[in-house]
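Below is one structure, written out as structure tokens, with a few remarks after it.
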Amino acid sequence: MCAHPGVGPWGNTGLLVNCVSGTMQSRRWFGGAGFSFADDPVTETLSQAIRGTGEELDREPDTGVLFGSLRGSVVGLRYYTGVVNKGEMVSLVRQPQNPYDRNAVMVANVYGSQVGHIKRELAALLANIMDNNLARVEGVVPFGVKNQFTMSVVLSFWGKEENRDAVVRQITSRSFKLQTGPTGTHTHADTGTLIASSWVISCLTVCVCLIWERFHVCRWFQRSAQEDYKIGEREAVEVMCTPLLPHQKQALSWMCVCENNVALPHFWEVKGGLFYNTLTHSSVRERPQRVRGGILADDMGLGKTLTTIALILSNFHHGKPLYTHPHPFDECIIWCVSQGKSVVSPVEAASSQSTDDPAARATLIICPLSVLSNWLDQLDQHVRADVKLNVYLYYGSERNRDTHFLSSQHVVLTTYNVLSAEYSGSASPLHTVSWLRVVLDEGHIIRNPNAQQSKAVLKLNTQRRWILTGTPIQNNLRDLWMLVAFLRLKPFDVREWWNRVIQRPVTQGDKTGLQNLQALVKCVTLRRTKTSRVCGRPLVSLPERSVRIEEVELTQKEREEYELARTEGRTTISRYVAEGTVLKNYADVLAILVRLRQFCCHPDLLGKTTTHTADLLLRERLIVKLRLVLGTGSDEECAVCLNSVRLPVITHCAHVYCRPCIAQVIRSEQVARCPLCRGQIKASELVEFPLEEEEEGSNLLENWRSSSKVEALMSSLLRLRSEDDSIRSLVVSQFTRFLTILEIPLREEGFKFVRLDGTMSQKRRAQVIQEFQSDAPGSPLIMLLSLKAGGVGINLSAASRVFLMDPAWNPAVEDQCVDRCHRLGQKRDVVITKFIVKGSVEENMVKIQRQKQDLVEKAFGTKNPGERNTSRVDEIRALMEL
DNA sequence: ACCGCCGGGTGCC
DNA sequence: ACCGCCGGGTGCC
């Protein structure tokens, strides 16, 4: 019987999995830039660190404190088929509806097969702890199965520090002994010290872990990219009218193997008649379902779309190409025979697919709205005109929702929005059709598992799954999970196993964790970069690019104003340094730095509230910060929904979210906390962006004045136009207001220009890009571009000059921006000009940029968190010359 | 289960 | 013997 008052609500399914709790999963934020001057490695890391703690300790008690562990037993083994090996992890699942015992706790192996039950008395204890969310309980089987009746299990308890006492009390009051201290078999105890009780220390520790994780994740992704794939090249079928480049043939061949191959990934071995997974050390009786599909993570511009089209045409059922009838009743079938050697024999392929729905024939392509037209264009352009490929654009209110119609297409194109809209409605046609293949274009869009569109994508019924993305990992490992889950890479599509086998070990710096991750992803990912080589030849050859730095001298008057602001900032920061509160006041420090950087561009950049921020009321200071955040990033992400911030509001702790998103967070909790810093927040204290911006903008233009940097740019542009008026330029700034300021002299000098920034709608962006890329007479020579606008993936190859108006903290962001024109299709050499104000914070930034690689390396050395902390502060001191 | 537990058979040494 | 001890039956929650 259940003698525990306050036992939580039973799940309506009758099962409560201990690692998943409804409330904890429902509100969350993953990755994302949130409030950060996100191009800044310093802030980025710090804000991630802040986010990390909140997240780790709360949303996912995953890396919470280890309270201790105890030995117990699993009984009833003989009734179940689940297999476990020595040292293997098991999950504990509450079974409140069990007719014999309401406290029942089921033990399941990695694949979810039941192994047995926790012995009654122990189950009563666990039920109490799990149902009240006092701790998460993880099981490891130390000796494996010795007989058919019972076996040992080591249970470890993880949770929030504040729950430790309650858990310990529960355990001891039922006369169980909680082992604290090193457990011997596993290194979980380390985590106890990792997340120290002091907020600051844990923040910094997580910070270092994140750098470590990021660095390594990037590294090995690169490495596996360079690897020589033992895959042949496969010719595209004859119906393609565009010849594939060698690396595209290679990708096509790899994709066909992924779809057809019956072999299991190499981390599976056959052992004693069972299938043994070398990553989880677990076995299953039935042959595991192989992932059919994968992640094509090639760099931008290497032709992922083209390769995917080739795949659709070449690999229909049984490894044979898709043949098409020009007319339904035409006897003459255009047979498009693969010219290359087929990787898998049809018989072999057929046997592997025997359980598949043979009627499935359509490929569903899901992409962001902005690239829909690109898919249509490319399908049109690359498929021979006499081939009648049935492509249906499933978009717009008039779309044909008939599932038979959809099933009969070769290709159905739709957007993530349409998909998630249908999913939340009733009887979604897209979820009814049995697809042959689903392709997620820009697949990193689904990295947030809580988003509707991610959930919608998981529920699609398909045989093969593909993810196309140029940026498989955007912020950290967490981003990868959703991709793994979509591919149904067993058993890691279940969060608990991902966390226990991959996420936590890697975050803790465990080498084998990293190797596991590598093995796991390598078997489903193909990634090449522009610098990768095929058979010793570069994938693509690009024109040269060169960078020159142009130093700008401030005028006397500008210098005076700058020095005034600098002195004020130095006073404030040196006070923080003296007090040792630099990191605590980070938002303020950044605000000061941003102001100085803005002065270097133009004195009017910050608007009228430039001085004496200290005297302003809190509300006004927040508005200033909000403006800074939106003005610098210009395409800021909301840490809740991970999309661009809509209806921005700022919390009292100076973090920016969409109003609806943060409002929901506040509503869903009794004591609402800021998702980024865990500070208390209230709906009434959210500060909105005042609508005065427009009027101020015009104010800015009415009393327009120039600045040294404006002059420097204009003279470069004028000189360029007089030398060669066919050369197009990108003028890039982090400050959208600076772009506004630049519009005046450009108009005055009669330059035709367009502007692209984060505030523009997708549709407008596409228009602007098209206009700029067009070679029609009278098309614009210049594009004003905000540094982060548009995200990756836009093609500005019409430009061969880039003017970087202000240095970014992170040179990688600058590179990414330059890559928009230095890419496939660029015919000219690309010249990049960076304007740097002499004797200013910008010069120091450039120095730090140069040291950055070095710094990153150091961060992984033996340095402890404390030292990293001081070096951050040192960096700020260097910037301010303190 | 090469256990623990139960309950019946049994009973000085 | 209203015990102890023995050995067979039995066995998750």
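These numbers come from a predicted model, not from an experiment.
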Subject >> Rounded distance in Å - CG (A:Leu126) to C1' (C:dC13) >> reply: 13 Å

**OP:** Let me know the distance between NZ of A:Lys119 and P of C:dG11, rounded to the nearest Å.
**Re:** 14 Å

**OP:** Could you tell me which residues satisfy side-chain contact (heavy atoms from CB on, under 4.5 Å) with A:Ser407, sequence neighbours excluded, listed by chain and number?
**Re:** A:Val433

**OP:** Identify, with sequence neighbours excluded, every residue that meets side-chain contact (heavy atoms from CB on, under 4.5 Å) alongside A:Pro288.
**Re:** A:Leu264, A:Trp268, A:Phe275, A:Val284

Acceptor/donor pairs from residues 77-87 of chain A side chains to any protein atom, 3.5 angstrom cut, sequence neighbours excluded:
residue : atom : partner  : partner atom : Å
A:Asn85 : ND2  : A:His281 : O            : 3.1
A:Asn85 : ND2  : A:Ser283 : OG           : 2.9

**OP:** Nearest whole angstrom, please: distance from the C1' of C:dG9 to the CZ of A:Phe149.
**Re:** 13 Å

Original post:
Rounded to whole angstrom units, what separation is found between the CD atom of A:Glu121 and the P atom of C:dC12?
Top reply: 13 Å

Original post:
Does a distance-only test, which skips hydrogens and angles, find a donor-acceptor pair under 3.5 Å between the side chain of A:Asp101 and the base of C:dC13?
Top reply: no

Original post:
Quick one: salt bridge (Lys or Arg N to Asp or Glu O under 4.0 Å) partners of A:Arg164, sequence neighbours excluded?
Top reply: A:Glu161

Original post:
Taking A:Thr150 for the side chain and A:Val74 for the main chain, is one N or O donor matched with an acceptor at less than 3.5 Å?
Top reply: yes

**OP:** In whole angstrom, give the distance that lies between atom CG of A:Asn98 and atom C1' of C:dC13.
**Re:** 5 Å

**OP:** Take atom OH of A:Tyr100 and atom C1' of C:dG11, then tell me their distance rounded to the nearest Å.
**Re:** 14 Å

Original post:
Can you pull the ring-ring contact (aromatic ring centres under 6.0 Å, His included) pairs that have at least one residue in residues 123-156 of chain A, sequence neighbours excluded?
Top reply: none

**OP:** List the steps and the verdict of side-chain contact (heavy atoms from CB on, under 4.5 Å) for A:Gln463 and A:Arg292.
**Re:** CA-CA 7 Å; A:Gln463 295 172 22; A:Arg292 265 190 278 141; 4.3 Å; yes

**OP:** For nucleotides C:dG8 and C:dG4, find the distance between their P atoms and express it as a whole number of Å.
**Re:** 23 Å

Subject >> Residue list, ring-ring contact (aromatic ring centres under 6.0 Å, His included) with A:Tyr416, at least two apart or on another chain >> reply: none

**OP:** For C:dG11, give its Watson-Crick or G-U wobble partner with both distances under 3.5 Å, or none.
**Re:** B:dC3

Original post:
How close or far is atom C1' of B:dA1 from atom CG of A:Asn147, stated in whole angstroms?
Top reply: 7 Å

Hey, what are the protein-to-nucleotides 4-6 of chain B N/O distances that come in under 3.5 Å?
none

**OP:** Using side-chain contact (heavy atoms from CB on, under 4.5 Å) as the criterion, list what pairs up with A:Ala672, not counting sequence neighbours.
**Re:** A:Ile666, A:Ile681

Original post:
Taking the P atom of each, how far is C:dG11 from C:dC6, in whole Å?
Top reply: 25 Å

**OP:** Name every residue in residues 71-79 of chain A that has at least one heavy atom under 4.0 Å from any atom of DNA chain C, in order of residue number, or write none if there are no such residues.
**Re:** A:Val75, A:Gly76, A:Arg78, A:Tyr79

**OP:** Could you measure between the two C1' atoms, the one in B:dA1 and the one in B:dC5, and give it in whole Å?
**Re:** 12 Å

**OP:** Could you check how far CZ of A:Arg120 sits from P of C:dG11, rounded to whole Å?
**Re:** 15 Å

Original post:
Looking at the side chain of A:Tyr80, which of B:dA1, C:dC13, C:dC12 is the nearest nucleotide?
Top reply: C:dC12

